[in-house]
Amino acid sequence: MQSLKEKIQALDAEVKAVVADASADAEQFRIRFLGAKGAVKSLFADMKDVLPADRKEAGALLNAFKEAVELSYADLKAKIASSRTVVPVLDYSLPGSNITLGTRHPLRKVENQMVSIFERLGFTVATGPEIEDDYHNFTSLNMPEHHPARDMQDTFYVSKNPDLVLRTHTSSVQARIMEKQKPPIRVICPGRVYRNETISARAHCFFHQCEGLYIAENVSFADLKQTLYHFVTEMFGADTKVRFRPSYFPFTEPSAEMDISCTVCAGKGCNLCKHSGWVEILGCGMVHPNVLKNFGVDPDKYSGFAFGMGVERITQVKYRVNDLRLYSQNDVRFLRQFQAG
Ligand code: PHE
């Protein structure tokens with residue numbers, strides 16, 4: 001009996017030492033004290049040597065010890081688990097991580113610039129549907145069915161009945177405005193347009209336009225020229241020269257195409273201007289009386305001018321982008337070059 005008591009005391013001391021040890025291993029503890037070949041088991045085996053008279057007391061002692069060991073085991077596990085919760089160590093002296101700023105797409109950037117130039121002249125922005133009916137895209141703009149001018153733009157046809165197309169120009173938006181609004185009208189129509197062209201560095205099946213329309217009393221070709229000249233000097237700088245060449249559009253008469261002096265070589269001759277010193281940037285003209293009549297505007301009282309330009313073209317001239325496909329490839333190496341603004 002005496003020896004059993006002493007053994008329990010010795011083991012109890014050992015249990016306490018393990019629980020107090022910061023680096024203790026719970027599993028080793030369990031094997032050492034509570035396992036199939038552990039200390040508690042071997043104490044129970046020792047019971048057979050205890051005299052029958054002492055058995056009761058020894059049994060109680062042993063059970064108490066076993067419970068104490070089990071409690072210690074639970075304690076030890078809890079202590080280890082709580083010591084594992086990682087408290088993050090913050091180093092406030094580390095440099096912060098960079099927040100990468102997005103950039104505006106070059107076409108949007110140029111479109112915004114174009115719109116703001118015209119807004120300062122009193123134009124307001126108008127938008128319309130990209131899937132357009134034949135009437136607004138063609139017929140109302142003096143291009144009745146079978147009119148040869150329809151072939152000037154390769155059209156994507158959506159359906160025959162109703163007659164729907166992907167708009168080939170944003171003149172369709174101007175048609176919708178003339179339908180709704182009485183003169184004076186002064187709108188600018190930015191938007192995406194579609195043409196059935198093979199994709200290459202110089203052509204794409206979709207691109208962006210910014211078209212303008214001004215209808216009021218006594219609007220003259222001189223107003224058109226001055227408005228576009230103002231636009232060009234704001235967009236490309238005060239030294240830029242313009243020239244107008246007679247042209248043909250079914251919805252304007254007279255019609256013209258406008259060139260600007262080459263922004264790269266200033267007229268000396270380079271690849272952009274194909275060594276002519278001039279770069280074509282837009283089409284324009286006085287609104288055709290038939291178009292005015294189609295929308296119930298009296299051509300004897302009112303006159304107007306219209307113009308249309310490609311945003312890609314203006315961006316190409318301004319930023320010297322030489323492949324149209326870059327605009328829609330979403331290559332960040334290209335896009336990153338248009339930081340800010
Ligand atoms: N709508 C014409 C085009 O897309 C451009 C234009 C607009 C020409 C207005 C003259 C007047 O080619």
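In this text, all values refer to a predicted model and were calculated from it rather than measured experimentally. All ligand and atom numbering here is 1-based and tracks the order in the structure.
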inquiry  = Contact between Glu312 and Tyr327 at the side-chain level, heavy atoms closer than 4.5 Å - yes or no?
reply    =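 Side-chain contact under 4.5 Å: yes.
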query = Taking C-beta and beyond as the side chain, do Tyr73 and Val19 meet within less than 4.5 Å on heavy atoms?
reply =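 They are not in contact (no side-chain heavy atoms under 4.5 Å apart), so the answer is no.
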ask   = Under the 4.5 Å side-chain heavy-atom rule for ILVMFWY, direct or indirect, which residues accompany Leu166?
value =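 Result for Leu166 is Ile131, Phe156, Val158, Leu164, Tyr194, Phe206.
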ask   = When you measure from the side chain of Arg192 to the backbone N and O of Arg167, does any donor-acceptor pair fall under 3.5 Å?
value =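 No, Arg192 side chain to Arg167 backbone: no donor-acceptor pair under 3.5 Å.
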task = Taking salt bridge (Lys or Arg N to Asp or Glu O under 4.0 Å) as the test, write out the residues that go with Asp46, two or more places apart.
result =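 With neighbours one apart ignored, the set is Lys7.
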message = Once salt bridge (Lys or Arg N to Asp or Glu O under 4.0 Å) is applied, do any residues pair with Asp300, and if so which ones, sequence neighbours excluded?
response =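 Asp300: no salt bridge (Lys or Arg N to Asp or Glu O under 4.0 Å) contacts found.
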N/O to N/O under 3.5 Å, ligand 1 against protein:
from, atom 1, to, atom 2, distance (Å)
ligand 1, 1 (N), His169, ND1, 3.0
ligand 1, 1 (N), Ser171, OG, 3.1
ligand 1, 1 (N), Glu211, OE2, 2.8
ligand 1, 4 (O), Arg195, NH2, 2.9
ligand 1, 4 (O), Gln209, NE2, 2.8

